[in-house]
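Right, one structure below, let's go through it.
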Amino acid sequence: MKFNTKAIHGGQKHDIAYGSVMPPIYQTSTYAQTTPGGHKGYEYSRTHNPTRHALENSLASIENGNFGLAFSSGLASIDAILKLLKPGDEVISTNDLYGGTYRLFTKIYEDFGIKFHFIGMENTEHIEEYINNKTKLIWVETPTNPMLNIIDIVATVKIAKKHNVLLAVDNTFATPYLQRPLDLGADIVMHSATKYLGGHSDLVMGALIVKDKELADRLYFIQNASGAICGPQDAFLALRGIKTLHLRMQRHCENGKAIAEYLVNHPKIENVYWPGFKTHPNHNTAISQMDDFGGMVSFTTKENNYQEAIKIVENLKIFTLAESLGGVESLAGHPVSMTHASIPKEEREKAGIVDSLIRLSVGIEDKEDLILDLKRAIG
Ligand SMILES: *Cc1c(COP(=O)(O)O)cnc(C)c1O
């Protein structure tokens, strides 16, 4: 099956009770047993739920994995990965990463004795300098948030395999429509399904997808033992979202390109971050591992003034000023005061997250309207 077909049918069966085409929302905590242990594979909904299973099978299918796991949020799914580790273990992570991931690593797991190295991975050779016999996980986010850097997954896979270290890729920005890390050799794909997979800004959810059975079993154990599962209603919504992922992504990419090209020619704009530009430092890597460049675009102004950036995001009318991304509607954010406020200024600026940086999640409206909106707001 090719991708568009998988997005709709991958891992799906019609409901056995009445043939409903969409899986019913099994809004139940428990399942009747005929005799102790006599059940149809479902005992308790933290452990198993048919609606969640339908979604997990779809997730596995679209990422070309064998096993999918759905969690109550993206961060809950990252939390499950970290529970594979023990005190003393070390993690090497992208330095330009989702603020909440950074907070989870440094404010929770450092206290449990896990050591994190945050490094620029655009040049993957740096990674090896930080590997020692305690290194257990390499954490890659690509494209990165909000700088849209691209990290070479194949080169990172080589390093991870050579040193027998797990490699997890946060594939939230690209989605499997554009990039399939498991095919490139990564061990775990993670999603904030809150974003493009759900796609309609109506749920919060996380997902993990793996190929290896043993790794899947350890993660299922953690999912059940820690309990951060998603509910059946949200599973249904995410499954519905995935069925149009390919159509939405196509338009996100088209609109993202139009807006990046508009901004790069604007006299008040200093830098535009979008991996589709030939001048983007990792453009060739983007071409080699992505099928298109996505709908995320970040930019800075020539004045690099905090107040000016705030005014721009306040003046936008079609772009909603909001956290999050990946929905059908366009959103704008100011990382320094919003998503990345929890990252210390010095760390932030090292990664290029300066006062005037604005991040756009370009939606699937008419691009002409989006460009007019930006024109009005930037002046
Ligand atoms: C939103 C996001 C997360 C966290 O996911 P939640 O669903 O908000 O918990 C992690 N990584 C990236 C890249 C994100 O955009």
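Computed over heavy atoms, backbone and side chain alike; hydrogens, waters and symmetry mates excluded. Note that ligands are numbered from 1 as they come in the structure, with each ligand's atoms numbered from 1 the same way.
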Lys83 to Phe71, cation-pi by 6.0 Å centre distance and 45° axis angle:
no
When you check ligand 1 against the protein, what N or O pairs turn up below 3.5 Å? List the atom names and distances, or just say none.
unit_1   : atom_1 : unit_2 : atom_2 : d
ligand 1 : 5 (O)  : Ser192 : OG     : 3.0
ligand 1 : 7 (O)  : Gly74  : N      : 2.8
ligand 1 : 7 (O)  : Ser192 : OG     : 2.8
ligand 1 : 7 (O)  : Thr194 : OG1    : 2.7
ligand 1 : 9 (O)  : Gly74  : N      : 3.0
ligand 1 : 9 (O)  : Leu75  : N      : 2.8
ligand 1 : 11 (N) : Asp170 : OD2    : 2.7
ligand 1 : 15 (O) : Lys195 : NZ     : 2.7

If every non-hydrogen atom of Tyr196 is compared with every non-hydrogen atom of Ser361, which pair is closest and at what distance?
OH-OG, 4.4 Å
Output field: ring centroids His53/Tyr42 closer than 6.0 Å:
yes
Just to verify, which of Leu166, Val210, Asp212 counts as forming a side-chain contact (heavy atoms from CB on, under 4.5 Å) with Asp187?
Leu166
Side chain to side chain donor-acceptor pair (under 3.5 Å) involving Ser330 - partner list, sequence neighbours excluded:
Glu365
Between Tyr130 and His117, does the ring centre distance come in under 6.0 Å?
yes
